[in-house]
Every structure is written in C-alpha cells, then in structure tokens.
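Per chain, numbering begins at 1; letters A, B, ... match sequence-line order.
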Protein chains: 2
Amino acid sequence: MSKLSESKTGDQLLAEDLKDPEIAAELARTAVANQLAILVIQYRVEHGLTQTALARQLGMRQPAIARLEAGDHEPSVAMLARLANKLGISLRLDLTPDSVALVSA
Amino acid sequence: MSKLSESKTGDQLLAEDLKDPEIAAELARTAVANQLAILVIQYRVEHGLTQTALARQLGMRQPAIARLEAGDHEPSVAMLARLANKLGISLRLDLTPDSVALVSA
DNA sequence: CGTCATTATAACAGCTTTGGTATAGACATG
DNA sequence: CATGTCTATACCAAAGCTGTTATAATGACG
C-alpha cells in the first residue's frame, strides 16, 4: 500500500501532499505511467489493433502491452524511445521543478 | 564489452549501424546519459559547486554525482524529475522515431 | 614530500522495470 | 452451452538503475 493511497483516495490531492518528497515522487512516477498508458491506448484503438497485434509490432508479447496500458510502472527512457521508434511517433517529456508531463509531439 | 565498441571506436558511426536495433538502443541509452552528464557538469561548475556539495543538494553522495557526470547509465524518469525539482531547472526529453535528445528548457 | 580537497572507481545490495509463460476473466457468436 | 477472441493478472527470471561504503587517483599548496 502506497503512502499516497493511504492518505487519499482517487484523484483527490492537496497541495500539502506535494511537500512530502515521497508523495511527490510517487505522483511523478504514476503520472508518467498513466500518461503513457493513455497514449498507448489511443494509438492502439486509432489504428484498430489488438494488444497482440501491437505487441508484435513492438517485438513483445500481449501481456507487456496490457501492463503498459495499466500504467503500473514508470517507463524507462529506453521504453519511450522504443515506442517512438517502432510506432513512428514523437513524444515529449517535459520536466519542470514541480511537474512532469509526457505528451505526444 | 558492448556490441558498439566491438565494431567501432570513438565517435565513428555509420548509418548502417542504425539498422541494427541493438546498436540503435545502445546509442539512445548512451546518448541520454551523456547529454545528462553534460547538463549536470554545466550546472555544477556554473554554480561553483563541488560534487559533494551538489550531492548534498540532491540528497545523495558524491559518488552518485560522479556517476551521473560519467554518463554510465541511462537515467530513470524519476532521476530526471528529481534533478529538475531539486535544482530548480527545466528539462525536456524529445523522442522522435529516430532520435532521443535531452535538452535544458 | 606531506596534506588536504576533489574526483574517479570498485564492489556490493536493493529496488524497479522488463520480459516471459501460464492462466483467468469478459464477451461475443454460433 | 461451447468456442474463440481479447484483455487482465499472477508469478518468476533477467537486467538495469540507484545508493552505499571504501578506496584509489589527481592536483593544489605549504
């Protein structure tokens, strides 16, 4: 059980939470994972692909795609690069002192 | 010994190499690591800090900074976020189908 | 030369991410 | 209901990143 989910539920979030570096780190981690999840799902449905088909295009198996779309883990830079390369898309990761955002570019 | 250093020395690099996905991955990995190394060194010297002082600012030890400046490992997104946060800087990671670039923003 | 500050390297542990297989759940369709 | 397709989850192994301590190398300065 994470520190965040212990104290808050759903999307509720107080500014006070950001003062705790542990919570801030957890948020950044899940934020990028979730943003990537959305991008992967978007790409897949827009191209009418199944998870298995997309997995083949990326050289991996279906459960790997399911995991990406679940937003379980913060992706590595290598994973982001691989997606951009194999899917022919451009992504941008914006890092500021108090936020991290992954967007399609 | 990496596949890249087996076949090539220094900065020499042929377009042909990029066709090998293993080499391409290795390049992307070292590219981001090296670009971050440069940014960290720049920040540190511009602020007149020693590795130990910078480490304290980031909540880590001197060898960790040395490793960042050596460009050994591809940084995690969490590490990039931490640098942006603790140093008060903005970074951008640009991912295109055939390149990955980390720049200060 | 001796000392101190600074940086680099080695060795190890711990956690996270990634990948796989196997399998369960959901859902449509015959 | 039976079957087939698609998605989700559990479990394990391999690899990579991060952090630590200890120590070596480097260089400036008395």
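If you take CZ of R56(B) and P of dG19(D), they are 16 Å apart, rounded to a whole angstrom. Atoms CD1 (I41(A)) and C1' (dA8(D)) sit 12 Å apart, rounded to a whole Å.
Here the OG1 atom belonging to T50(B) is positioned 7.0 Å from the CZ atom belonging to R44(B), to the nearest 0.5 angstrom. Rounding to the nearest 0.5 Å places CG of L83(A) at 10.0 Å from CD of Q57(A).
The two residues L102(A) and Q35(A) come nearest to each other via the heavy atoms N-OE1, 2.6 Å. Shortest non-hydrogen contact noted between L49(A) and Y43(A) is CD1-CE2, 4.1 Å.
For S90(A), the side chain to side chain donor-acceptor pair (under 3.5 Å) criterion is met by no residue, not counting sequence neighbours.
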At under 4.0 Å between heavy atoms, which parts of nucleotides 17-30 of chain C does protein reach? Answer with one letter per nucleotide, 5' to 3': B base, S sugar-phosphate only, - none. SBBSBB--------
